[in-house]
Amino acid sequence: FGSKRSSYEIGFIYYAGHGIQIDGVNYLLPTKEVFNSEEDVSFYAFDVQNLMKILGKKTDQANILILDACRDNPYEKNWNLTRSSKNSSGLAKMPPPTGSLIAFSTESGATAPDGKGINSIYTLSLAKNLLIKDVSIDQVFRNVRRDVLEKTGQATVNYDQLTGSSFYLVKSDYEGE
């Protein structure tokens, strides 16, 4: 992603899966890895700050990072936790670099419901709202927040440092190939 980002006008990253924080650092967990300790996470999971470094290099374009990963730590009960890691549910708050928007499926430190099917309630709403013509990206995420609140009572969170004029994923004047 990092080597290709400069060739495109938009950086768009979507992640759904397990994500945890340890000592205030957010990690995305690969599906086939087993983490026996916090140290395993720092060595084998993906530190979200690495994405932030890549996104921070393109401040004059739109960068969107969506993390539907605010889940309970599935390994925590087997770990000898440090005091700073105990009760660290969900992901930690992350300020976006200039030119970026970070969207979380729930508030920092909280866990989001998975839903009953293969996709979360957040993902289902996001998929629906991203395809609506002439809706700005900030309105997309307000629509998603409304949908998730109605179904779960839980709020989604976005941190926005986008620059320039309103950003649309689907414009009605788009002439596709």
Chemist: If you group Ile, Leu, Val, Met, Phe, Trp and Tyr by side-chain heavy-atom gaps below 4.5 Å, do Leu124 and Phe104 land in one group?
Modeler: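 In one cluster: no.
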
Chemist: So which heavy atom on Leu28 is nearest to which on Ala69, and how close?
Modeler: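 So the two residues come closest at CD2-CB, 4.3 Å.
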
Chemist: Under 3.5 Å, is there a donor-acceptor pair between the side chain of Asp68 and the main chain of Ser105?
Modeler: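 Not confirmed, Asp68 side chain does not pair with Ser105 backbone.
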
Chemist: Do you know the tightest heavy-atom contact between Asp40 and Val34?
Modeler: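 Closest pair (atom of Asp40, atom of Val34, distance): OD2-O, 4.2 Å.
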
Chemist: Can you tell me if OH on Tyr44 sees more than 12 non-hydrogen neighbours from other groups inside 6.0 Å?
Modeler: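 No - once you tally the heavy atoms of other residues, nucleotides and ligands closer than 6.0 Å, there are 12 at most.
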
Chemist: Going hydrophobic residue to hydrophobic residue with side-chain gaps under 4.5 angstrom, can you get from Tyr168 over to Leu130?
Modeler: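 No; Leu130 is not reachable from Tyr168 via cluster members.
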
Chemist: Please check this pair: side chain of Asp47 against backbone of Gln49, looking for a donor-acceptor N/O pair closer than 3.5 Å.
Modeler: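 Answer holds: yes.
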
Chemist: Starting at CG of Leu169, measure out to CD1 of Ile132 and round the result to the nearest 0.5 Å.
Modeler: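 Nearest 0.5 Å value for the CG-CD1 distance: 11.5 Å.
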
Chemist: How far does CG of Asn143 sit from CG of Asp138, to the nearest 0.5 angstrom?
Modeler: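 It is 10.0 Å, given to the nearest 0.5 Å.
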
Chemist: Using 0.5 Å steps for rounding, measure from the CD1 atom of Ile54 to the OG atom of Ser100.
Modeler: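 Going from the CD1 atom of Ile54 to the OG atom of Ser100 covers 11.5 Å.
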
Chemist: Does any non-hydrogen side-chain atom of Leu101 lie less than 4.5 Å from one of Ile66?
Modeler: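 Not touching, per the 4.5 Å side-chain cut-off.
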
Chemist: How about OH on Tyr8, more than 12 heavy atoms from neighbouring residues, nucleotides or ligands closer than 6.0 Å, or not?
Modeler: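 Result for OH/Tyr8: open.
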
Chemist: Nearest 0.5 Å, what's the CD1-OH distance between Ile64 and Tyr14?
Modeler: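 With rounding to 0.5 Å, CD1 (Ile64) is 14.0 Å from OH (Tyr14).
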
Chemist: Would you find more than 12 non-hydrogen atoms of other residues, nucleotides or ligands less than 6.0 Å from Glu9 atom CD?
Modeler: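 No, not enclosed.
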
Chemist: Between Phe141 and Leu149, is there a shared hydrophobic cluster once you connect ILVMFWY residues whose side-chain heavy atoms come closer than 4.5 Å?
Modeler: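 No, no single cluster joins them.
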
Chemist: Which pair of non-hydrogen atoms, one from Gly56 and one from Pro97, has the smallest distance, and what is that distance?
Modeler: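 Scanning both residues completely, I find the closest heavy atoms to be CA-CB, 3.6 Å.
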
Chemist: State, without any angle test, whether Tyr122 and Thr152 hold a side-chain donor-acceptor pair at a distance under 3.5 Å.
Modeler: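 On atom types as modelled, these side chains do not qualify, holding no pair under 3.5 Å.
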
Chemist: Compare every heavy atom of Met94 with every heavy atom of Leu67, then report the nearest pair and how far apart it is.
Modeler: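 Residues Leu67 and Met94, closest heavy atoms: CD1-CE, 4.1 Å.
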
Chemist: Is it the case that one hydrophobic cluster holds both Leu131 and Leu126, taking links as side-chain heavy atoms less than 4.5 Å apart, direct or via other members?
Modeler: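 They do not share one cluster, since no chain of ILVMFWY contacts under 4.5 Å joins Leu131 to Leu126.
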
Chemist: Assess whether side-chain contact (heavy atoms from CB on, under 4.5 Å) is satisfied between Lys93 and Val157, documenting all intermediate values.
Modeler: CA-CA 10 Å; Lys93 181 179 178 181; Val157 176; over 6 Å; no

Chemist: Rounded at 0.5 Å granularity, tell me how far CG in Asn129 sits from CD in Gln139.
Modeler: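 If I round to the nearest 0.5 Å, the distance is 8.5 Å.
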
Chemist: Could you tell me whether the side chain of Ile102 reaches within less than 4.5 Å of the side chain of Val48, counting heavy atoms only?
Modeler: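 A side-chain contact under 4.5 Å is absent here.
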
Chemist: Say you draw a straight line from CZ of Phe35 to CG of Leu29; how long is it, rounded to the nearest 0.5 Å?
Modeler: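 Interatomic distance, Phe35 CZ to Leu29 CG, rounded to 0.5 Å: 5.0 Å.
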
Chemist: Side chains of Ile121 and Gln154, heavy atoms from C-beta outward: is any pair under 4.5 Å?
Modeler: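 No, side chains not in contact.
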
Chemist: Side chains of Arg5 and Lys57, heavy atoms from C-beta outward: is any pair under 4.5 Å?
Modeler: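 Not in contact.
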
Chemist: If you look at every heavy atom in Pro95 and Met52, which pair is closest and at what distance?
Modeler: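 Closest approach of Pro95 to Met52: O-SD, 4.4 Å.
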
Chemist: With side chains defined as the heavy atoms from C-beta onward, is the minimum distance between Thr163 and Thr59 less than 4.5 Å?
Modeler: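 SC-SC contact between Thr163 and Thr59 ruled out.
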
Chemist: What are the two closest heavy atoms between Asn26 and Ala92, and how far apart are they?
Modeler: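 Heavy-atom minimum between the residues: OD1-N, 2.6 Å.
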
